[in-house]
Amino acid sequence: MNWLYDFNYLTRSIHESLAETFEPATVTIVEMALAGLCFMILFALLGLVLVYAERKVSAFFQQRLGPMRVGKWGTAQTLADVIKLLMKEPLINKNADRFLFNLAPYIIMIASFMAMASLPFAKGLQALDFDIGLLYISAVSSLGVIGILLAGWSSDNKYSLIGAMRSGAQIISYELSVGLSLLTIVVLTGSLQLSTIVESQANGWWIFKGHIPAVVAFIIFLIASTAETNRGPFDLAEAESELTAGFHTEYSGLKFAFFFLAEFANMFIVAAIGATVFLGGWMPFHIGGWEGFNNIMDYVPPLFWFFGKVSFLIFMMMWFRWTFPRLRIDQLLTLEWKYLLPVNLMNIVLMAFLSLMGWHF
Amino acid sequence: MGYQYTIWILILPIVAFVINGLGSGKLPGKISGWIATVAIGISAFLSYKTAFQFFGSGSHEKIIAVKTTWLRFNEGLQIDMGILLDPISIMMLVVITTVSLMVFVYSQGYMKGEKGYDRYFAFLSLFSFSMLGLVVATNLFQTYMFWELVGVSSYLLIGFYYDKPAAVAASKKAFIVTRFADLGFLIGILIISFYTGTFDFDILTRPEAMTLPVTATFLGLSTMTWALLLVFMGGAGKSAMFPLHIWLPDAMEGPTPVSALIHAATMVVAGVYLVARLFPTYSVLAPDALEVVAFIGAFTTLFAAVIACTQFDIKRILAFSTMSQIGYMMLALGVSGYGGEEGLGYTASLFHLFTHAFFKALLFLGAGSIIHAVHTNDIREMGGLRKYQPITHILFLIACLAIAGIPPFAGFFSKDEILAAAFATHPIYYIIGTLVAGLTAFYMFRLYFIVFWGKSTSYTHTPHESPVIMTLPMMILGIGSVVAGLIPFGSYISSDGVPLKGHIDWVVATISVVLALVGILIAFKFYKTESAKPEAISKSFGAFYRSALSKFYFDELYIAITKGVIFRFVSKPLAWFDRNVIDAFMNLIAAITNWVSSQIKEFQSGQLQKYAFIFISGVIIILLSFLYANQ
Amino acid sequence: MATSAIIFYVVATIMIVFSLLAVTSRKILRAAVYLLFALAGTAGIYFMVDYYFLAAVQLIVYAGGIVVLIIFSILLTSHIEEKMEKPDSLKIILTAILGLGGTAVSLYVITNHLFTPQPTTGVEATMSTIGEKLLGYGAGGYVLPFEVISILLLAAMVGAIVVAKRNKPENHD
Amino acid sequence: MIESVPLNQVLIVTTLMFFIGVYGFLTRKNLITMLISVELMLNAVNLNFVFFDRYLFPGKLEGHFFSLFIIAIAAAEAAVAIAIFINLYRNIRSINVEDVNEMKN
């Protein structure tokens with residue numbers, strides 16, 4: 001059962017067994033393929049689970065049942081939806097730029113994939129672990145906006161274009177706050193490497209250890225990452241009453257599914273980042289001095305801790321979506337540039353001061 | 001104890017100039033006047049201190065108090081800036097600061113309420129600075145620079161009322177005439193420095209320097225003679241010697257205190273000072289030049305005195321009188337020899353300069369006081385002023401007696417020495433000098449009687465005595481006019497530094513005093529009360545009188561020469577040449593440039609991509625050539 | 001042939017092809033997207049030479065920043081139906097000759113020059129060394145250019161805002 | 001990669017990229033596409049710096065920092081350039097380089 005706690009055993013044994021039969025170059029390729037396959041499966045599963053979760057959560061908040069017909073408690077509803085989407089005819093506008101139109105969803109997907117590649121799911125379960133981890137994630141996640149802009153432009157549709165512009169402005173703006181709130185914690189860890197960040201929380205999560213600035217940063221992170229993923233209450237880019245469906249109005253079938261999937265994947269990614277940076281990643285919950293309690297917590301495998309925290313954050317974001325009314329574009333930008341960003345800058349200075357004085361735990 | 005503090009004598013006025021100049025129009029009330037006055041007052045105090053220290057020490061050697069190198073041409077030739085102290089420069093310092101201080105104080109009353117009060121005191125301070133710098137110059141070049149500065153301040157002050165066309169014209173005239181003279185001065189300096197390799201007075205006037213190997217000749221005279229003549233030309237321009245005198249009468253357009261300071265007591269004697277400064281050089285290397293100095297001096301003194309007898313403008317009379325007196329000084333320098341008793345003329349000249357400064361400044365300030373009271377310059381509109389201005393009257397009388405050479409007033413002693421020096425060398429000059437002494441007494445008392453006695457004119461408003469701030473400086477100068485002659489001048493200042501025992505030549509003195517008394521008597525007869533006699537006598541002189549009244553038509557002559565000859569035969573052809581040859585050449589060049597640029601303007605199309613194309617092609621070509629060269 | 005070499009050749013080919021497409025495509029947004037691919041390829045090469053930080057910066061600034069800016073400006077200034085006119089063929093020929101000539105000269109130099117590596121013992125391009133060097137003021141520190149560039153960026157930001165700001169119509173009431 | 005690909009070959013890539021940028025800069029008329037070409041050239045230069053640094057002076061990181069600063073400056077340049085383009089478009093309704101001749105005459 002060791003592999004449940006440290007995946008290094010598992011990966012090492014896979015690597016060794018492969019190395020016995022193949023050449024080194026082939027080993028590398030095969031390992032890459034395997035990792036890719038795993039991520040694809042994860043992606044698909046995420047889509048299935050999260051779409052179902054969203055429906056159920058929205059139903060919960062609206063005091064109704066949600067999907068109940070397909071499968072037990074409607075569990076197979078998403079699967080049915082997938083089949084429906086696959087069967088749909090892919091339509092393209094007459095004047096649309098076909099190449100870009102087809103390219104856009106892939107760019108968004110690729111960006112999500114690349115970001116996911118460096119997430120630490122559990123000890124040793126991390127595809128890419130280099131010392132620029134957090135920077136890398138914000139770098140590749142910033143690529144997604146290009147897909148949105150391309151989609152909006154190439155659809156040859158005014159609503160799509162306006163939706164894309166709104167979305168682009170929103171993502172670029174809130175990327176700043178996300179990055180800065182993460183930097184607030186990086187000041188404490190002294191490293192961008194995700195595994196190091198997780199290790200540094202072995203004796204307590206940063207949200208507890210980092211005093212008030214960490215809490216402020218966490219709140220800002222939650223708000224900004226919700227906005228960055230274009231989710232409500234910041235989903236004005238696809239405000240159906242104004243813009244029908246925003247940048248993906250013209251998409252149908254599988255490509256629409258890609259956008260849909262990418263949205264949930266992005267939600268997962270930001271939740272995972274938040275969990276990793278603020279909530280200790282796969283580290284179990286410990287309370288200083290309570291040896292027995294801590295031992296019990298250690299028995300829970302890291303994978304569960306990680307997905308538990310991520311689920312909590314995703315639940316929070318869904319909660320937001322179904323509770324808050326939608327913002328106007330000017331309110332959206334005012335919130336970012338006039339409130340979040342200045343507060344964030346002050347906060348980071350404060351945190352640097354705390355870190356310099358060694359006042360954190 | 002050193003003399004380093006003498007630098008403050010120069011610095012204070014320039015500081016006052018800067019403050020007043022920068023604050024012009026912004027300084028409150030009359031503060032600018034006080035700034036300037038306090039500055040010059042401290043300068044005056046320091047000058048007296050210097051004088052006591054220097055003359056008290058008994059040595060009359062030259063002292064370089066301050067010295068810095070300003071320009072360095074080569075190892076041998078460099079231009080210094082510094083302060084040279086010797087008897088004559090200290091004497092000049094005392095004179096300038098004293099008269100300046102009096103004039104500054106006086107001006108505060110005279111200029112009260114005038115527009116440009118700040119500007120006036122700024123310029124006056126600049127003038128004081130320049131004049132002080134001029135007299136303490138250690139070398140010819142520094143002299144020249146301050147000489148020009150003096151010219152500029154004079155120009156600025158003559159043209160002080162720049163909204164008056166006459167003042168503007170007068171300032172331009174003064175500037176152009178003196179500039180013309182200064183050109184000679186500059187050439188003279190260049191020749192001297194070329195042959196001697198130095199600008200330093202210390203070397204130039206040292207007795208050893210008299211053996212400088214100056215053998216080159218030009219037109220039969222040695223180059224040194226030419227050079228010194230040219231230097232004298234500069235001096236003559238500043239000192240309004242014939243024939244460069246024409247600017248001085250017109251310069252009276254400036255404010256009267258300015259005339260007192262610049263055009264009577266200080267600047268106009270700069271020429272005398274310059275010749276005196278270089279006197280050993282003149283005396284040994286160029287006796288011929290001294291002859292010229294003497295001749296010009298003698299001619300001017302007579303010439304100006306004659307004109308002065310005929311004028312009616314109070315300030316012009318004084319201006320001609322000034323010319324006449326400076327002519328005296330030049331005459332004395334010209335007849336002087338170097339060393340011992342021979343050098344009497346040198347001492348006399350500077351002595352007269354000294355005494356003249358007091359009484360001529362007093363005369364001008366008195367004239368200013370009168371003008372202040374009656375608002376006119378024409379003496380025919382004055383008369384009987386002794387009742388209204390008793391203090392001015394007394395002081396003016398003292399000054400007149402002093403200039404007329406009546407003992408025991410200051411002018412008597414200095415004039416007597418000049419006449420004695422002339423008597424000892426050139427009898428002709430002596431006769432002229434004595435004659436002029438009589439004429440001087442006549443025209444001064446003509447002025448005096450007309451203004452203060454004469455008919456009582458009815459004034460539009462009653463003239464009043466000037467305020468204390470104006471009469472006080474006049475009183476001090478009045479005291480100076482009385483006692484200045486009693487100073488044993490010869491024991492302080494002599495041509496070779498050895499004290500000269502001053503004594504009065506009784507024969508000469510008696511003759512000149514008698515002549516002066518005769519002049520006064522005639523003036524008394526003619527002008528004490530209104531009479532027809534002057535009219536009749538002037539009629540009997542006929543053409544001579546009329547030409548003297550018109551200043552012997554010199555202004556007209558100059559205009560005729562410049563307009564008729566220079567403009568027509570020189571300037572016009574030059575202008576033609578300039579327009580049709582030089583300009584045409586320029587136009588040709590411009591046309592060629594125009595043509596070429598129109599041919600190549602395609603390169604400047606404003607098209608960024610063309611530029612980039614050419615740029616990158618050039619880079620590749622250069623790269624290729626490097627490759628080829630490295631093969 | 002080593003795996004990394006194969007990957008390099010593939011990436012290099014992609015970069016060159018997309019560069020060519022970026023400068024020849026007649027649809028402006030496509031040109032921008034091709035540029036994005038070329039720049040992303042560059043980032044890949046930075047990854048391959050172990051300059052992770054530079055690669056991430058390349059992605060953030062170039063791909064995520066400049067290309068997004070360019071796409072934004074395209075969205076604001078062009079329409080989807082616009083197709084850029086083809087430049088006149090003389091211009092193309094002249095420029096192609098110039099480009100080929102330049103390439104030939106450069107390639108000649110590159111292939112004929114013997115590059116000799118300097119055996120230096122140095123530092124790895126890890127985050128901490130980069131951070132220390134960027135803010136180091138001793139030998140090998142880059143704090144001065146770092147600060148200068150921060151000023152430059154500020155100036156560029158202010159300048160861009162001022163230039164692009166729409167002048168408010170003045171209210172004369 | 002450093003061991004398996006010689007420097008000459010990687011430099012060929014950057015050279016090609018650079019001159020493709022030059023070609024684009026000279027033939028394109030739209031200012032944005034010209035900017036794209038400039039970015040290509042800058043990118044090629046960056047690559048050159050990195051390659052020289054990595055191959056010839058390993059461990060010095062000088063080329064690395066050069067590239068870093070070039071990227072920063074390119075960002076500033078692009079921001080200002082695009083601000084100018086947008087203002088230009090607002091004023092003359094075109095971002096064609098040949099139409100920008102209001103100041104000429």
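In what follows, chains are A, B, ... by sequence order, proteins preceding strands, each numbered from 1. Since the model is a prediction, treat every value here as computed from it, not as a measurement.
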Using side-chain contact (heavy atoms from CB on, under 4.5 Å) as the criterion, list what pairs up with [X], not counting sequence neighbours.
{"X": "A63(C)", "result": "L143(A), L36(C), L59(C)"}
{"X": "L103(A)", "result": "F99(A), L100(A), I107(A), L150(A), V33(C), F37(C)"}
{"X": "I348(A)", "result": "L180(A), L183(A), T184(A), V187(A)"}

Self-check item: For chain C, the option from V145(A), L135(A), L161(A), V140(A) that forms the most heavy-atom pairs under 4.5 Å
Solution: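 Most pairs with chain C among the choices: L135(A).
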Quiz item: With only heavy atoms counted, which part of L75(C) is less than 4.5 Å from chain A, the side chain, the backbone, both or neither?
Solution: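 Both backbone and side chain.
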Quiz item: Roughly how far, to the nearest 0.5 Å, is the CD1 atom of I132(A) from the CE atom of M127(C)?
Solution: 8.0 Å
Self-check item: L69(C) CG to I172(A) CD1 distance, which is reported to the nearest 0.5 Å
Solution: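 Output value for this atom pair is 7.0 Å.
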Short of 3.5 Å, which donor-acceptor contacts do chain A and chain C share? List atoms and distances.
from    : atom 1 : to      : atom 2 : distance (Å)
N95(A)  : ND2    : E81(C)  : OE2    : 3.3
D97(A)  : OD1    : R30(C)  : NE     : 2.9
D97(A)  : OD1    : R30(C)  : NH2    : 2.5
D97(A)  : OD2    : R30(C)  : NE     : 3.1
D131(A) : OD2    : M127(C) : N      : 3.0

